[in-house]
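Contents: one structure, followed by commentary.
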Amino acid sequence: MTATIVPAALKPLYPFNCKRFEINGIAMNYVDEGPVDTRPVLMLHGNPSWSFYYRHLIKELSSERRVIVPDHIGCGLSDKPQNYSYCLRTNIDNIKALLDHLHIAEADLIVHDWGGAIGMGLATEEAFELGRLVILNTAAFIMPRVPLRIQICKIPGFGALAIRGFNAFAIGAALMGVETRLKPEVKASLLYPYNSWNNRIATLRFVQDIPMAPGHPTWALANQIHQNLGRLKNKPIQIHWGVHDFCFTMDVLAMWQDIYPAAEVFLYDDAGHYCLEDAHQKIAPEVKIFLCQNK
């Protein structure tokens with residue numbers, strides 16, 4: 001295990017203690033901050049973001065809690081192998097390997113976007129004992145409707161050209177995923193890891209791994225996770241939701257509320273998909289109260 005060399009351009013907004021963990025010779029970057037004698041908070045990002053997305057929560061929580069925030073393989077400052085299985089099963093197994101390496105048997109969990117399926121896969125498979133759960137604009141079940149703009153990105157040939165050639169998915173998310181335009185330095189930092197055809201491999205593969213029909217290789221696993229979500233219904237759960245999310249709409253929130261009717265829900269009418277960009281000033285204090293009252 002070695003430290004990650006964080007590029008100087010990122011340090012003003014991403015000043016964290018980053019480490020590298022190798023899985024079969026492929027390095028995963030992860031943030032590891034805060035007191036090690038506290039129950040860790042595991043934060044899992046989605047596509048096309050990376051651990052940078054959680055910077056406000058890292059700063060808010062790390063004074064009282066240990067926070068572990070990995071970059072999935074292919075994302076952020078992790079390695080980006082070209083011939084690799086970027087499927088849901090592999091991503092779940094990678095985080096499990098990191099938790100085993102860090103000897104983490106119990107943790108709180110925060111999930112966003114594709115991190116929802118990964119994190120809830122881990123929790124329902126009992127890869128660790130879940131304490132408290134924070135859900136941010138995500139799903140961990142077969143989506144009732146996949147937006148057309150994402151379906152288009154799954155078209156063979158066209159998807160690769162748009163996502164890997166023109167970085168349309170990451171740039172589009174930075175534009176359409178917020179209600180308040182990102183500051184130039186924030187947008188540049190979100191996009192930093194995805195600056196070439198090769199470095200956008202996971203961005204494409206994650207999109208291709210979205211199951212839309214029973215014949216898709218990830219359909220069975222996604223459905224299994226969905227069926228097992230009820231096992232966690234007695235856990236303390238908090239949901240923060242950007243109302244103007246073009247992908248994870250209010251219908252998706254309703255599905256979460258049906259599964260977890262006792263969850264505490266916060267709605268943000270001034271936020272979109274990247275709710276932590278639009279509304280972190282409101283979300284971070286509430287999450288800190290929720291997670292740090294039983295640290």
Side-chain angles (χ1 to χ4, degrees), residues 1-80 91 94-113 115 118-119 122 127-128 131-132 134 136 183 185-195 199 202 274 276-277 280-281 283-285 287-292 295:
M1 182 178 66
T2 59
T4 297
I5 299 175
V6 178
L10 298 175
K11 287 183 178 179
L13 296 177
Y14 187 77
F16 305 120
N17 174 29
C18 292
K19 300 178 181 178
R20 295 176 77 75
F21 166 60
E22 287 198 358
I23 305 171
N24 298 322
I26 299 170
M28 172 186 285
N29 174 70
Y30 66 99
V31 174
D32 189 349
E33 295 271 340
V36 297
D37 59 344
T38 58
R39 185 172 70 224
V41 179
L42 175 66
M43 307 182 196
L44 296 179
H45 70 82
N47 181 39
S49 59
W50 57 291
S51 56
F52 176 84
Y53 176 69
Y54 283 115
R55 66 196 182 280
H56 298 295
L57 286 184
I58 294 170
K59 294 173 183 177
E60 188 78 26
L61 298 176
S62 60
S63 61
E64 297 189 41
R65 297 288 298 277
R66 184 183 185 185
V67 295
I68 306 294
V69 194
D71 290 333
H72 303 301
I73 298 297
C75 302
L77 303 182
S78 293
D79 286 352
K80 300 174 179 64
N91 282 299
N94 286 345
I95 303 301
K96 184 179 185 301
L98 176 64
L99 296 177
D100 290 345
H101 170 73
L102 297 175
H103 305 291
I104 292 174
E106 180 182 7
D108 295 335
L109 179 63
I110 303 176
V111 293
H112 177 255
D113 191 85
I118 297 168
L122 286 160
F128 64 96
R132 292 172 170 253
V134 178
L136 312 168
K183 295 180 179 179
E185 62 270 25
V186 172
K187 180 181 177 182
S189 297
L190 276 172
L191 298 179
Y192 180 89
Y194 310 114
N195 59 1
N199 286 346
Y274 283 153
L276 286 179
E277 297 298 341
H280 64 86
Q281 301 96 329
I283 296 173
V287 172
K288 185 172 185 178
I289 291 170
F290 179 66
L291 295 183
C292 294
K295 57 185 176 180

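Owing to the predicted nature of the structure, the values given are computational and were not obtained by experimental measurement. The analysis underlying the following values was restricted to heavy atoms, covering all of them including side chains, and did not include hydrogens, waters or symmetry mates.
Taking CG from Asn91 and CD1 from Ile118, the interatomic distance works out to 4.0 Å, rounded to the nearest 0.5 Å. Taking CD1 from Ile95 and CG from Leu44, the interatomic distance works out to 5.5 Å, rounded to the nearest 0.5 Å. Taking CG from Asn94 and CD1 from Ile73, the interatomic distance works out to 5.5 Å, rounded to the nearest 0.5 Å. Separating the CD atom in Glu22 from the NE2 atom in His101 is a distance of 10.5 Å, to the nearest 0.5 Å. The CG atom of Leu61 lies 4.5 Å from the CE atom of Met43; values are rounded to the nearest 0.5 Å. Rounded to the nearest 0.5 angstrom, Arg65 CZ and Ile58 CD1 are separated by 14.0 Å.
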Mind running side-chain contact (heavy atoms from CB on, under 4.5 Å) on Leu57 and Val134 for me, showing each step along the way?
CA-CA 12 Å; Leu57 286 184; Val134 178; over 6 Å; no

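Under the 4.5 Å side-chain criterion, counting only non-hydrogen atoms from C-beta, Leu109 is not in contact with Leu122. Contact annotation: the side chain of His112 approaches that of Tyr274 to within less than 4.5 Å [non-hydrogen atoms, C-beta and beyond].
Here the closest non-hydrogen pair linking Ser51 and Val31 is OG-CG2, 4.2 Å. Nearest approach of Tyr14 to Leu77, heavy atoms of both residues: CE2-CD1, 4.0 Å. Across all non-hydrogen atoms, the minimal contact from Gly119 to Val111 is CA-CG1, 4.1 Å. For Glu106 against Pro40, the heavy-atom pair with the smallest separation is O-CD, 3.4 Å. For the pair Asp113 and Gly46, the tightest heavy-atom approach, listed with the atom from each and the gap, is OD2-CA, 3.4 Å.
Separation of the His45 and Tyr54 ring centroids does not fall under the 6.0 Å cut-off.
Contacts of Ser78 classified as side-chain hydrogen bond (donor to acceptor under 3.5 Å, both in side chains), with partners at least two apart in sequence or in another chain: none. Listed by chain and number, the residues in a side-chain contact (heavy atoms from CB on, under 4.5 Å) with Glu60 are Ala284, Lys288 (sequence neighbours excluded). Taking the side-chain hydrogen bond (donor to acceptor under 3.5 Å, both in side chains) definition, one finds that Thr4 meets it with Asn29, sequence neighbours left out. Under the side-chain hydrogen bond (donor to acceptor under 3.5 Å, both in side chains) criterion, Asp100 pairs with Lys96, not counting sequence neighbours.
Distance alone, capped at 3.5 Å, places no donor-acceptor pair between the Asp32 side chain and the Ile68 backbone. Looking at Asp108, its side chain never comes within 3.5 Å of a backbone N or O of Val41 through a donor-acceptor pair.
Seen from the ring of Tyr30, Arg20 does not count as a face-on cation partner, given the 6.0 Å and 45° thresholds.
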Extract all donor-acceptor atom pairs below 3.5 Å that involve side chains of residues 185-194 and protein atoms in other chains or at least two apart in sequence.
{"unit_1": "Ser189", "atom_1": "OG", "unit_2": "Glu185", "atom_2": "O", "d": "2.8"}
{"unit_1": "Tyr194", "atom_1": "OH", "unit_2": "Ser49", "atom_2": "O", "d": "2.8"}
{"unit_1": "Tyr194", "atom_1": "OH", "unit_2": "Gly76", "atom_2": "N", "d": "3.1"}

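Within the structure, salt bridge (charged side-chain N to carboxylate O under 4.0 Å, His left out) pairs that include any residue of residues 47-58 comprise Arg55-Glu277 (at least two apart or interchain).
One finds no salt bridge joining Asp37 and Arg66 here, because no Lys/Arg side-chain nitrogen approaches an Asp/Glu carboxylate oxygen to under 4.0 Å.
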